[in-house]
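Notes follow the structure.
Starting from 1, each residue takes its place in the sequence as its number.
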Amino acid sequence: MPNKTLAALLIAALATTGCAEMDATQRGTATGAGVGAGIGAVLGAATGPGGGKRAAGGAVLGAAVGAVVGNVWSKRMEAQKQQMEQATQGTGVQVSQTGDNRLKLEIPSDISFDTNRSDIKPDFRPILDRFATTLNDNPAATVSIVGHTDSTGSAATNQPLSVERAAHTRDYLATRGVSPTRIVIEGRGEQEPIASNDDAAGRARNRRVEIYVAEPRPPQG
């Protein structure tokens, strides 16, 4: 059986087995296991003779590694999601669980930032206040903040502006007791639009900040 086909079958089998019976944490582990299995199978088949046997062995090892490195969706994370849904109800903020078991907050521009500005708007502050409380209640969680812009202006302007938006969000959380060492920031400028930049409504959607929260699975001893 070709290596790519075997890897695909292993990924599908391991990532989907019993999904209907799994809770969110178990699904995250299964997904990590499936991806790890695929990588392990390809490496096992490619690194020496014995093709199929080596692929199977690599799949087992890869599955174990993948299961370990996945993020946890714990009761604390679920509680944090519910709290943020309540805190942002009716604001336009999108709160969701990602496929890799992270909590995602997508903050639109009418709450977060004006055009060509990186200072936090007053309507954004109560949301960040509540968010900081949930982070302080879950000290194991880590945060990634990603700033975005619309296409107004040049890339040379938009890239640093997107970083400044993420940085100002981090700095505000720090004033509410969240350690900056838990927070990673990134700016992606105008590179990842979620709407057309041809009209004002689309540009407003693209001018945003995304916040991701992860609770990494602890190392297995």
Side-chain angles (χ1 to χ4, degrees), residues 71 73 77-138 141-216:
N71 295 318
W73 187 262
M77 290 287 285
E78 182 60 30
Q80 192 171 4
K81 178 175 180 287
Q82 292 175 1
Q83 290 168 23
M84 291 313 302
E85 286 173 338
Q86 293 171 2
T88 60
Q89 189 172 12
T91 65
V93 174
Q94 299 295 315
V95 181
S96 60
Q97 178 183 356
T98 67
D100 60 350
N101 278 339
R102 292 187 296 170
L103 173 65
K104 178 182 178 182
L105 279 67
E106 186 173 305
I107 319 293
S109 65
D110 56 346
I111 295 174
S112 54
F113 303 102
D114 288 322
T115 304
N116 295 326
R117 300 293 296 270
S118 62
D119 50 314
I120 292 174
K121 295 168 71 170
D123 287 348
F124 194 13
R125 293 170 188 166
I127 294 171
L128 290 178
D129 290 343
R130 183 64 179 275
F131 181 55
T133 299
T134 69
L135 289 175
N136 290 329
D137 288 341
N138 187 7
T142 59
V143 183
S144 298
I145 304 175
V146 184
H148 299 270
T149 72
D150 59 32
S151 62
T152 303
S154 67
T157 299
N158 289 336
Q159 179 58 32
L161 177 60
S162 66
V163 175
E164 288 174 11
R165 287 175 173 168
H168 284 187
T169 304
R170 174 200 59 199
D171 295 345
Y172 186 92
L173 291 172
T175 68
R176 295 301 183 267
V178 181
S179 172
T181 60
R182 298 172 61 187
I183 303 173
V184 174
I185 65 169
E186 183 180 355
R188 296 182 184 170
E190 60 189 74
Q191 300 174 41
E192 297 181 359
I194 57 174
S196 171
N197 278 302
D198 294 336
D199 56 69
R203 289 191 295 273
R205 289 189 62 197
N206 293 332
R207 195 168 58 250
R208 69 197 190 279
V209 64
E210 295 170 341
I211 304 175
Y212 297 88
V213 183
E215 188 176 320

Item to check | Polar contact flag, side-chain donor to acceptor under 3.5 angstrom, Glu85-Gln89 | outcome: no
Checklist entry - Taking the side chain from Arg176 and the backbone from Thr133, do they hold a donor-acceptor pair closer than 3.5 Å? => result no
Checklist entry - Do side-chain atoms of Asn206 reach the backbone of Thr149 as a donor and acceptor pair under 3.5 angstrom? => result no
Next on the checklist: When you measure from the side chain of Gln159 to the backbone of Gly187, do you find a donor-acceptor pair of N or O atoms at a distance under 3.5 Å?
Outcome noted: yes
Checklist entry - For Leu103 and Gln80, which heavy atoms make the closest approach, and how far apart are they? => result CD2-CG, 3.8 Å
Checklist entry - Has the side chain of Asp100 got a donor or acceptor atom that lies under 3.5 Å from a matching backbone atom of Ala214? => result no
Item to check | Least distance between heavy atoms, Glu164 atom then Ser118 atom | outcome: OE1-OG, 3.3 Å
Item to check | Residue pair Ser162 / His148: nearest heavy atoms and the distance that separates them | outcome: CB-N, 3.9 Å
Checklist entry - With no hydrogens and no angle check, is any side-chain donor or acceptor of Asn197 less than 3.5 Å from a backbone partner on Ser151? => result yes
Checklist entry - Does the side chain to side chain contact (heavy atoms under 4.5 Å, CB included) test come out yes or no for Thr169 and Phe113, once each step is laid out? => result CA-CA 10 Å; Thr169 304; Phe113 303 102; 3.7 Å; yes
Checklist entry - Can you tell me how far the CD atom of Glu210 sits from the CD1 atom of Ile145, to the nearest 0.5 Å? => result 11.5 Å
Determine all donor-acceptor pairs shorter than 3.5 Å in which one atom belongs to a side chain in residues 121-128; sequence neighbours excluded.
from	atom 1	to	atom 2	distance (Å)
Lys121	NZ	Ser109	O	3.2
Lys121	NZ	Asp110	O	3.2
Lys121	NZ	Asp114	OD1	3.2

Item to check | Shortest non-hydrogen contact between Thr134 and Met84, atoms and distance | outcome: CG2-SD, 4.1 Å
Next on the checklist: Once rounded to the nearest 0.5 Å, what's the spacing between atom CD1 of Ile211 and atom CD1 of Ile107?
Outcome noted: 5.0 Å
Next on the checklist: Please determine whether side chain to side chain donor-acceptor pair (under 3.5 Å) holds for the pair Glu78 and Gln82, giving the CA-CA distance in whole Å, both sets of side-chain angles, and the decisive distance to 0.1 Å.
Outcome noted: CA-CA 6 Å; Glu78 182 60 30; Gln82 292 175 1; 3.2 Å; yes
Checklist outcome for this item: Correct closest heavy-atom pair for Ala166 and Gly147 would be CB-N, 3.9 Å
Item to check | Option from Val146, Asn158, Val163 for which side-chain contact (heavy atoms from CB on, under 4.5 Å) with Arg188 holds | outcome: Val146
Next on the checklist: Thr142 vs Val213, test: side chain to side chain contact (heavy atoms under 4.5 Å, CB included). Steps then yes/no.
Outcome noted: CA-CA 6 Å; Thr142 59; Val213 183; over 6 Å; no
Checklist entry - Are the side chain of Asn71 and the backbone of Asn101 linked by a donor-acceptor contact shorter than 3.5 Å? => result no
Next on the checklist: Is it the case that the side chains of Thr88 and Thr91 hold a donor-acceptor pair, with the cut-off being a distance below 3.5 Å and no angle test?
Outcome noted: no
Checklist entry - Donor-acceptor pair, Ser112 side chain versus Arg208 backbone, under 3.5 Å? => result no
Next on the checklist: Checking Gln97 against Met77 for the side chain to side chain contact (heavy atoms under 4.5 Å, CB included) test, could you report, in this order, the C-alpha distance in whole Å, the side-chain angles of both residues, the deciding distance, and whether it holds?
Outcome noted: CA-CA 9 Å; Gln97 178 183 356; Met77 290 287 285; over 6 Å; no
Item to check | Where Ala174 and Pro180 come nearest, the two heavy atoms and their spacing | outcome: CB-CG, 3.9 Å
Checklist entry - Taking only residues two or more places apart in sequence or in another chain, which ones pass side chain to side chain contact (heavy atoms under 4.5 Å, CB included) with Thr181? => result Ser179
Item to check | Step-by-step side chain to side chain contact (heavy atoms under 4.5 Å, CB included) determination, Ile194 to Glu106 | outcome: CA-CA 11 Å; Ile194 57 174; Glu106 186 173 305; 3.3 Å; yes
Item to check | Heavy-atom neighbours of Arg117 CZ exceed 12 at 6.0 Å | outcome: no
